[in-house]
Number of protein chains: 2
Amino acid sequence: MSCADEYTPQLRARGYRMTPQRLAILHTLHHSGGHLSPTEVYEKALTQLPSLTETTVYRTLEFLAENGLAHPAHMGSGHLVYEIAHHEHHHLKCRVCGAELEVNHTLLKSLYRQLELASGYRLTDSHLTFFGLCPTCQKGEN
Amino acid sequence: MSCADEYTPQLRARGYRMTPQRLAILHTLHHSGGHLSPTEVYEKALTQLPSLTETTVYRTLEFLAENGLAHPAHMGSGHLVYEIAHHEHHHLKCRVCGAELEVNHTLLKSLYRQLELASGYRLTDSHLTFFGLCPTCQKGEN
DNA sequence: TCAGTTATTGTAAAAAGTTGCAATAAGGAA
DNA sequence: TTCCTTATTGCAACTTTTTACAATAACTGA
């Protein structure tokens, strides 16, 4: 199943349009395992669609995130990375060596329920990155 | 107790120095209830120390966060805000109207323990912002 | 108090991200 | 197919954030 076939209906259903730019960006996210920074997305997608603009990349990534086709993740220092929305998960990153772990969303489920109960809010999204020290770096630490 | 008296020993203990720039920034964070963006910190601190530079503000905020004197919080779209480290808490923000709620850190304690057990990491910091719909906006939503 | 060490700052330039607006083109209707 | 509406893009200017490196000044020890 092509990216076009997979994602076009999802956009149409919400009243949005599929464009070569969005397709190139979706294709890039789809075919590169992990998370990419906006610049990385731009550079990769450029080989596919040389007319692509960085502005469009930023806007499209935010657009895809708002519509659930991509997940944004905070990677510290206020930087965002994106990845295709295969499944809900979060990240746990080592402050020292940068090693990363996936945190399954099910771990957060109970926290979500508590937050919703306590606040009255309905939680929508929260691709979060937790920070800490990985086992290896803990040994070399004070 | 002045900011200088309060924070200088904490920096010294870690081998760092107190400077007029750090003091001005700490003072600014200390005396303005909520969280501030780097630009807001710069503008406010400037009245106190006209020679202050934006570069220094960025560097100092990150420095203070790393050393536990300030808390960074992800406010969506990759933007960071900072506040003085009075107590551990997180934010819950409405996607529609922007209303914000404080989430006490105790709610996250059990999640932290689970994450540490499952990963072997030692969690250090995670001033997080969760996103959702507040009760009011839920009514006006589909 | 003074000199030495080096953490910290400022400068300037680059990189990253945002915004307004006119031009373009995707998709629905005729 | 062709026209029309308007979502979407590109451009250009702007704001925000980062980086390299030389100059400065905070603390330590004599």
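Just so you know, these numbers come straight off a predicted model, no measurement behind them. Chain naming here is simple, since letters A, B, ... match the order of the sequence lines and numbering starts at 1 in each.
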Inset, instruction - Name the residue closer to the 5' end of DNA chain D, choosing between B:Thr39 and A:Thr56 according to the nucleotide with the nearest heavy atom. - result: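 Looking at DNA chain D, the more 5' nearest nucleotide goes with A:Thr56.
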Inset, instruction - Give the B/S/- string for nucleotides 24-30 of chain D, one per nucleotide from 5' to 3', where a protein heavy atom under 4.0 Å of the base yields B, of only the sugar-phosphate yields S, and otherwise -. - result: -BBS---
Measure the shortest side-chain to side-chain distance between [X] and [Y] over non-hydrogen atoms and say whether it is less than 4.5 angstrom.
X	Y	result
B:Leu69	B:Leu11	yes
B:Thr8	B:Tyr16	no
A:Asn67	A:Gln10	no

Inset, instruction - Without swapping roles, check the side chain of B:Ser32 against the backbone of B:Thr28 for a donor-acceptor pair under 3.5 Å. - result: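 Yes; at least one donor-acceptor contact below 3.5 Å.
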Quickly work out the [X] [atom1] to [N] [atom2] distance and round it to whole Å.
X	N	atom1	atom2	value
A:Leu23	D:dT8	CG	P	14 Å
B:Glu66	C:dA7	CD	P	15 Å
B:Leu80	D:dT18	CG	C1'	13 Å
A:Arg14	D:dA7	CZ	P	16 Å
A:Glu62	C:dA16	CD	P	18 Å
A:Glu40	C:dG17	CD	C1'	15 Å
B:Ile25	C:dT8	CD1	P	13 Å
A:Leu52	D:dT9	CG	P	9 Å

Legend entry - side chain to side chain contact (heavy atoms under 4.5 Å, CB included) against B:Thr55, all qualifying residues, sequence neighbours excluded: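 Here the qualifying residues are B:Thr53, B:Arg59.
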Inset, instruction - Report yes if a donor N or O on one partner sits less than 3.5 Å from an acceptor N or O on the other, where the partners are the side chain of A:Arg59 and the base of C:dG17; otherwise report no. - result: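 Check fails, no donor-acceptor contact within cut-off.
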Inset, instruction - Give a yes/no answer on whether the side chain of A:Thr55 brings an N or O atom under 4.0 Å of OP1 or OP2 in D:dG10. - result: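 For A:Thr55, the contact criterion (side-chain N or O under 4.0 Å from OP1 or OP2 of D:dG10) is not met.
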Inset, instruction - Using a cut-off of strictly less than 4.0 Å, decide whether A:His79 has a side-chain nitrogen or oxygen near OP1 or OP2 of C:dG17. - result: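 Affirmative; the distance criterion is met.
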Inset, instruction - Using a 4.0 Å heavy-atom cut-off across all strands, classify B:Arg22 as base, sugar-phosphate, or nothing. - result: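 If one applies the 4.0 Å heavy-atom cut-off, B:Arg22 turns out to touch the sugar-phosphate alone, with no base involved.
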Inset, instruction - Classify the nucleic acid contact of B:Ser51 as base, sugar-phosphate or nothing, counting any heavy atom under 4.0 Å across all strands shown. - result: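 Sugar-phosphate only.
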By nearest atom, which of the nucleotides [options] is closest to the [X] side chain?
X	options	result
B:Thr60	C:dT9, D:dT8, D:dT17	C:dT9
B:Glu54	D:dT19, D:dT17, D:dG10	D:dT17
B:Tyr58	C:dT9, D:dG10, D:dT16	D:dT16

Inset, instruction - Establish, yes or no, whether the cationic atom of B:Arg22 lies under 6.0 Å from the six-membered ring centre of B:Tyr7 and within 45° of the ring axis. - result: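 Geometry flag: not set, cation outside 6.0 Å or 45°.
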Inset, instruction - Drop me the distance from B:His71's NE2 to B:Leu29's CG, to the nearest 0.5 angstrom. - result: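 So the gap between those two atoms works out to 11.5 Å.
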